[in-house]
Number of protein chains: 2
Amino acid sequence: MTEKQEKILQAALILFAKEGFHATSTSKVAKLAGVSEGLIFRHFGNKDGLLQAILEFGAEKLKDLVVDIVMEPDPKELIKKTIQMPVNVDKEDFDFWKLQFKLKWELEVNSDKKMEPLHMALANAFRKLEYESPELEASLILLYIEGISSSMLKGSNLNVNDMIQLLMKKYEL
Amino acid sequence: MTEKQEKILQAALILFAKEGFHATSTSKVAKLAGVSEGLIFRHFGNKDGLLQAILEFGAEKLKDLVVDIVMEPDPKELIKKTIQMPVNVDKEDFDFWKLQFKLKWELEVNSDKKMEPLHMALANAFRKLEYESPELEASLILLYIEGISSSMLKGSNLNVNDMIQLLMKKYEL
DNA sequence: AAATTGCAAGTAAGTACTCACACATGATTT
DNA sequence: AAATCATGTGTGAGTACTTACTTGCAATTT
């Protein structure tokens with residue numbers, strides 16, 4: 001991967017995350033990246049290819065987060081790690097996560113499948129703790145994760161740390 | 001409001017909700033509405049004015065839903081009504097709600113202010129029930145219903161009714 | 001007759017994308 | 001060692017088309 005290719009990906013991520021995919025023209029990406037517009041198409045084929053490259057590149061980040069949680073053997077610790085997940089993302093990855101949420105609505109891109117291992121691990125944890133409906137409890141936690149993440153990314157004034165405290169108490173962690 | 005104005009609003013709502021605001025051209029709206037493209041600008045000024053008209057028209061729907069809940073005197077009943085809110089929306093209003101969620105990410109339009117009365121009512125309800133952190137509990141409930149609503153609108157396979165059952169049990173309703 | 005509603009045909013600017021060409025690097029042939 | 005070739009990187013002007021929006025004029029309503 002050349003220097004200019006990285007520049008293009010970086011610029012596209014910033015703009016797609018801020019303005020959205022459709023609202024960002026390839027000429028804007030080229031200008032911010034400091035390259036000719038044609039180079040984008042040379043390297044990535046078309047605008048959609050550019051998006052795919054960003055997504056593949058970033059899919060690893062999600063995997064890393066999830067794997068660390070799924071591997072946890074102690075069920076209570078696993079649930080705790082899950083709840084704390086939103087505050088453990090790097091600030092420099094914010095653009096990528098924002099893009100992820102934006103695309104979910106703009107292009108109906110589902111990232112739910114990638115969360116499936118986490119869902120299973122959570123269900124197992126709740127099962128070990130003898131909760132009545134482990135599957136549902138797992139879904140509920142994921143619902144909360146998504147909600148917290150989205151309000152963090154939108155810059156809401158919700159106090160995330162207090163919310164985490166509350167949840168930890170609810171699940172006796 | 002003339003017949004053609006309504007046709008335009010209806011067509012725009014459908015397309016904005018399905019494809020998104022930026023991905024929908026005024027010519028597509030005109031075609032679906034069966035009018036000339038110029039008419040859109042005669043009536044609504046510009047594309048943004050068209051969006052505003054839709055949003056104002058639909059803001060009433062949100063108000064109606066919220067008012068019904070806020071007026072409830074019994075705290076347990078109020079919380080119950082809130083949790084059940086997502087399944088009580090008319091199916092014919094789906095496009096409007098989908099648009100609402102889409103815009104939250106595409107144009108960073110915040111509908112949080114309109115939820116504020118509901119948040120206060122919820123906090124009050126939890127206070128009456130002598131919960132430890134009524135404000136946080138209210139935020140958490142809103143997080144849940146936002147998550148449930150969004151997965152309903154995206155056609156996720158989450159079992160909404162079971163989830164509502166679980167929540168009701170958790171809050172002893 | 002005055003105002004409103006509506007249309008068809010514009011406009012300038014922007015869109016994703018292409019293409020001919022230049023330049024560099026390294027391998028292969030003379 | 002010099003010349004040829006192949007290949008990947010990069011440019012910038014150009015393509016056909018779409019975009020939001022305008023304008024002049026006719027039909028309808030008030």
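If you're wondering where the values come from, they're calculated on a predicted model, not measured in any experiment. Note on naming: letters A, B, ... go to the chains in the order of the sequence lines (proteins, then strands), and numbering restarts at 1 for each one. These values consider heavy atoms only, across backbone and side chains, with no hydrogens, waters or symmetry-generated copies.
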Which pair of non-hydrogen atoms, one from Asp48(B) and one from Phe21(B), has the smallest distance, and what is that distance? OD1-CZ, 4.0 Å

Return the minimal non-hydrogen interatomic distance between Leu173(A) and Ile79(A), and the atom names on each side. CD1-CG2, 3.9 Å

Do Tyr171(A) and Phe126(A) have ring centres separated by under 6.0 Å? yes

Is [X] close enough to [N] that one of its side-chain N or O atoms is under 4.0 Å from OP1 or OP2 there?
{"X": "Ser36(A)", "N": "dG12(D)", "answer": "no"}
{"X": "Lys28(A)", "N": "dG14(C)", "answer": "no"}
{"X": "His43(A)", "N": "dG8(D)", "answer": "no"}
{"X": "Ser27(B)", "N": "dT19(D)", "answer": "yes"}
{"X": "Lys47(B)", "N": "dT19(D)", "answer": "no"}

Closest to the [X] side chain, choosing from [options]:
{"X": "Glu37(A)", "options": "dA16(C), dC7(C), dC21(D)", "result": "dA16(C)"}
{"X": "Lys4(B)", "options": "dC7(C), dC17(C), dT11(D)", "result": "dC7(C)"}
{"X": "Ser25(B)", "options": "dC21(D), dC17(C), dT19(D)", "result": "dT19(D)"}

5'-most contact on DNA chain C (nearest-nucleotide basis), Ala23(A) vs Arg42(A), goes to Ala23(A)

Specify the residue among Thr24(A) and Thr2(B) whose closest nucleotide of DNA chain C lies further upstream toward the 5′ end. Thr2(B)

Within this structure, what is the [atom1]-to-[atom2] distance between [X] and [N], rounded to whole angstrom?
{"X": "His22(A)", "N": "dT19(D)", "atom1": "NE2", "atom2": "P", "answer": "11 Å"}
{"X": "Glu3(A)", "N": "dG8(D)", "atom1": "CD", "atom2": "C1'", "answer": "16 Å"}
{"X": "Leu39(B)", "N": "dT4(C)", "atom1": "CG", "atom2": "P", "answer": "15 Å"}
{"X": "Ile40(A)", "N": "dC19(C)", "atom1": "CD1", "atom2": "P", "answer": "18 Å"}
{"X": "Phe41(A)", "N": "dG8(D)", "atom1": "CZ", "atom2": "P", "answer": "21 Å"}

Partners of Pro86(B) by side chain to side chain contact (heavy atoms under 4.5 Å, CB included), sequence neighbours excluded? Ile145(B), Ile148(B), Ser149(B), Met152(B)

Partner residues of Leu65(B) under the side chain to side chain contact (heavy atoms under 4.5 Å, CB included) criterion, sequence neighbours left out: Met85(B), Val89(B), Trp97(B)

